[in-house]
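Every value quoted in this text rests on a predicted model; they were computed, and no experiment measured them. Here is the naming used below: chain letters follow the sequence lines, and residue numbers restart at 1 for every chain.
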Number of protein chains: 2
Amino acid sequence: MREFKKKARILLVDDNAEHLRGIKELISLETNYDIVGTTTSANIGINLVKKYHPEVVIMDINLPEKDGLQAIQEIEKLELGTKVLVLSGYDDSDLIFRAMKLGARGYILKTMSSAQLVYAIDEILAGKFYLPAALSSRFFDYFQQSFKAESASSSEENLLTYLTSREEEVLELLTQGNNYKGIAGKLFISETTVKTHVNNIFQKLQVNDRTQAVLYALNNGFGRKVRAKISA
Amino acid sequence: MREFKKKARILLVDDNAEHLRGIKELISLETNYDIVGTTTSANIGINLVKKYHPEVVIMDINLPEKDGLQAIQEIEKLELGTKVLVLSGYDDSDLIFRAMKLGARGYILKTMSSAQLVYAIDEILAGKFYLPAALSSRFFDYFQQSFKAESASSSEENLLTYLTSREEEVLELLTQGNNYKGIAGKLFISETTVKTHVNNIFQKLQVNDRTQAVLYALNNGFGRKVRAKISA
DNA sequence: ATTGATGTAAATCTTTAGATTGAGAAAATC
DNA sequence: GATTTTCTCAATCTAAAGATTTACATCAAT
């Protein structure tokens, strides 16, 4: 079934020692898994990741000392290709969203069956992502919600459309923090020409200075970049 | 099986007339669906949504006149609870991501089986989201990638931490497009004091002017908002 | 008690930004 | 062919921004 012969190294992180044993037994039944460690501490978990380079880390989120989300982030920062499967007691939208944002490959609830856990591990080992339908819906609801306010503002007339292509170039350089001299040098035109363009941009965007122009640009999808209203 | 008795109104939008007929026949076999219209035009499709208020719109993305993504956005803007299922020929990550971002409830490929299409429609009618595993993986890859650069930059030293609380207030007002006079008025301090603060901010953020300061602030998670590197 | 950080403010000066007017050349549109 | 946009540039002017120095009061920490 699977395209790898070697056993997959798995690390368990859960603050509840009993739960830890339970999962360990469950997973031990699967011959393809090799549990390289279990711990109740996020910090120890991170060190175990550094030591054993497990393919998968099954991680509880509500850990005592260190936040599970932070642990995910730190594991991702190691760039060892370690895949984190979150095993949480909470189906909170924000938790799911943040876990996935920080690099988790899957998120399942503790109430789910052992078969589902094994399935999730297999999917993740195969390079896929795994979110059960119910959690997936929560994720997407949250995801789309975070873009809603933004598209509402873009429902108004976007003044950026009135800019000429040259003005767009100038504005692009403005959004990179250039002054007149810098823009003139980069576009190989005189400084006074840049001033003309910038003044025309101000008129069209109905702003008074470059800072406001830059802010308008960033908040209205300029340069194919969008400012998402997502809490860090 | 399903918890609604009334037939679900469905609208088909696809620029390929043959394909349109094919889908129509497929869906007609399902007794629970009522196809209220088919069209090859995005604009006509939007008008049909206004007229018939279908539960589900099955929409092709690469339409001639108007972009399918834009059509999704406009349908969402109507706020009729219409659920859009994207039926696309392309499994491009960016397309999937943008479609979901704009409010699509599902995304399936034209190469998929009719059973899968029906399943997708049912899931969406039940209020869930539907993304096949392969497309889901593409989505999450793209999603996580869009946050990666950001967390990388935050791994560097964040100069914003050196600011005093008063300087943060001043910077906050700078990021709202205020000039010296505006900031002075809002903080009930003199303009020269504001200049002092602003100059100190420049020193600490290692920038030369207010535009660069504002850009630094926005790109480094100032004000609990984060700029996601996501294409519009 | 002294030190250091912070917040406030003024004075002065240089530089940049922004507003306005006018104007020529090329390209697109009609 | 005439007209309109667009891009270019200059000159001039006012306003704002930014740099620098000095100074004083407060508060927290040593």
Side-chain angles (χ1 to χ4, degrees), chain A residues 157-224, chain B residues 64-66 156-224:
Chain A
E157 189 182 25
N158 192 343
L159 300 175
L160 291 173
T161 59
Y162 296 134
L163 298 183
T164 68
S165 59
R166 197 54 161 173
E167 286 162 357
E168 285 181 351
E169 288 183 76
V170 173
L171 182 54
E172 168 80 35
L173 291 170
L174 277 181
T175 63
Q176 289 166 15
N178 292 284
N179 58 15
Y180 286 136
K181 195 184 290 184
I183 296 173
K186 275 157 192 163
L187 295 182
F188 304 107
I189 56 179
S190 84
E191 214 172 315
T192 59
T193 303
V194 178
K195 288 193 176 189
T196 307
H197 285 313
V198 169
N199 267 285
N200 290 334
I201 291 171
F202 291 167
Q203 300 300 319
K204 292 184 178 178
L205 301 188
Q206 297 168 22
V207 297
N208 304 312
D209 55 54
R210 62 180 55 207
T211 307
Q212 291 176 4
V214 166
L215 289 170
Y216 185 92
L218 295 181
N219 286 321
N220 289 85
F222 187 78
R224 303 190 290 150
Chain B
E65 21 164 357
K66 182 170 283 186
E156 299 165 16
E157 189 182 25
N158 191 345
L159 300 175
L160 291 173
T161 59
Y162 297 136
L163 298 183
T164 68
S165 59
R166 197 54 161 172
E167 285 162 358
E168 283 181 353
E169 289 184 76
V170 172
L171 181 53
E172 168 80 34
L173 291 169
L174 276 181
T175 63
Q176 289 166 15
N178 291 284
N179 58 16
Y180 286 136
K181 194 184 291 182
I183 296 173
K186 276 158 192 163
L187 295 183
F188 303 107
I189 54 179
S190 83
E191 213 171 315
T192 58
T193 303
V194 178
K195 286 194 177 190
T196 306
H197 286 312
V198 169
N199 267 285
N200 289 334
I201 291 171
F202 291 167
Q203 300 300 318
K204 292 183 178 179
L205 300 187
Q206 297 167 23
V207 298
N208 304 311
D209 55 53
R210 61 180 56 206
T211 308
Q212 290 176 5
V214 166
L215 289 170
Y216 185 93
L218 295 181
N219 286 320
N220 289 86
F222 189 77
R224 302 192 287 147

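Between B/Thr196 and D/dG18 there is no side-chain N or O to OP1 or OP2 distance below 4.0 Å. The side chain of A/Thr164 places no N or O atom within less than 4.0 Å of a non-bridging phosphate oxygen (OP1 or OP2) of D/dT5. Contact annotation: A/Tyr180 side-chain N/O to C/dG18 OP1/OP2 distance is under 4.0 Å.
Rounded to an integer number of Å, the gap from A/Tyr162 OH to D/dT5 P is 14 Å. Distance CD1 (A/Ile183) to P (D/dC9): 14 Å, rounded to an integer number of Å. Note: CG (B/Asn178) to P (D/dA17) measures 10 Å, nearest angstrom. As a whole-Å value, the separation of A/Gln212 CD from C/dA17 C1' is 13 Å. Rounded to a whole Å, the CG atom of A/Leu163 is 14 Å from the C1' atom of D/dT5.
Applying the side-chain contact (heavy atoms from CB on, under 4.5 Å) test to B/Asn208 and every residue at least two apart in sequence or in another chain returns B/Gln212.
At least one side-chain heavy atom of B/Ile189 sits under 4.5 Å from a side-chain heavy atom of B/Arg166. Looking at heavy atoms from C-beta onward, B/Asn179 lies in side-chain contact with B/Arg210 at the 4.5 angstrom threshold. Counting heavy atoms from C-beta on, the side chains of B/Leu171 and B/Leu160 come closer than 4.5 Å. The shortest distance between side-chain heavy atoms of B/Glu172 and B/Gln176 falls below 4.5 Å. With contacts defined as side-chain heavy-atom distances shorter than 4.5 Å, the pair B/Lys204/B/Thr164 qualifies. In this structure, B/Leu215 and A/Val214 have side chains that are in contact, with non-hydrogen atoms separated by less than 4.5 Å.
Using a 4.0 Å cut-off on heavy atoms, the residues of residues 197-211 of chain B that approach DNA chain D are B/Asn199, B/Phe202, B/Asn208, B/Asp209, B/Arg210, listed by number. Using a 4.0 Å cut-off on heavy atoms, the residues of residues 186-195 of chain B that approach DNA chain C are B/Ile189, B/Ser190, B/Thr192, B/Thr193, listed by number.
The closest donor-acceptor contact from the side chain of B/Asn178 to the backbone of B/Leu173 lies under 3.5 Å.
Each of B/Leu159, B/Val207, B/Thr196, B/Val170 was evaluated against B/Ile201; a single residue qualifies, B/Val170, per the side chain to side chain contact (heavy atoms under 4.5 Å, CB included) test.
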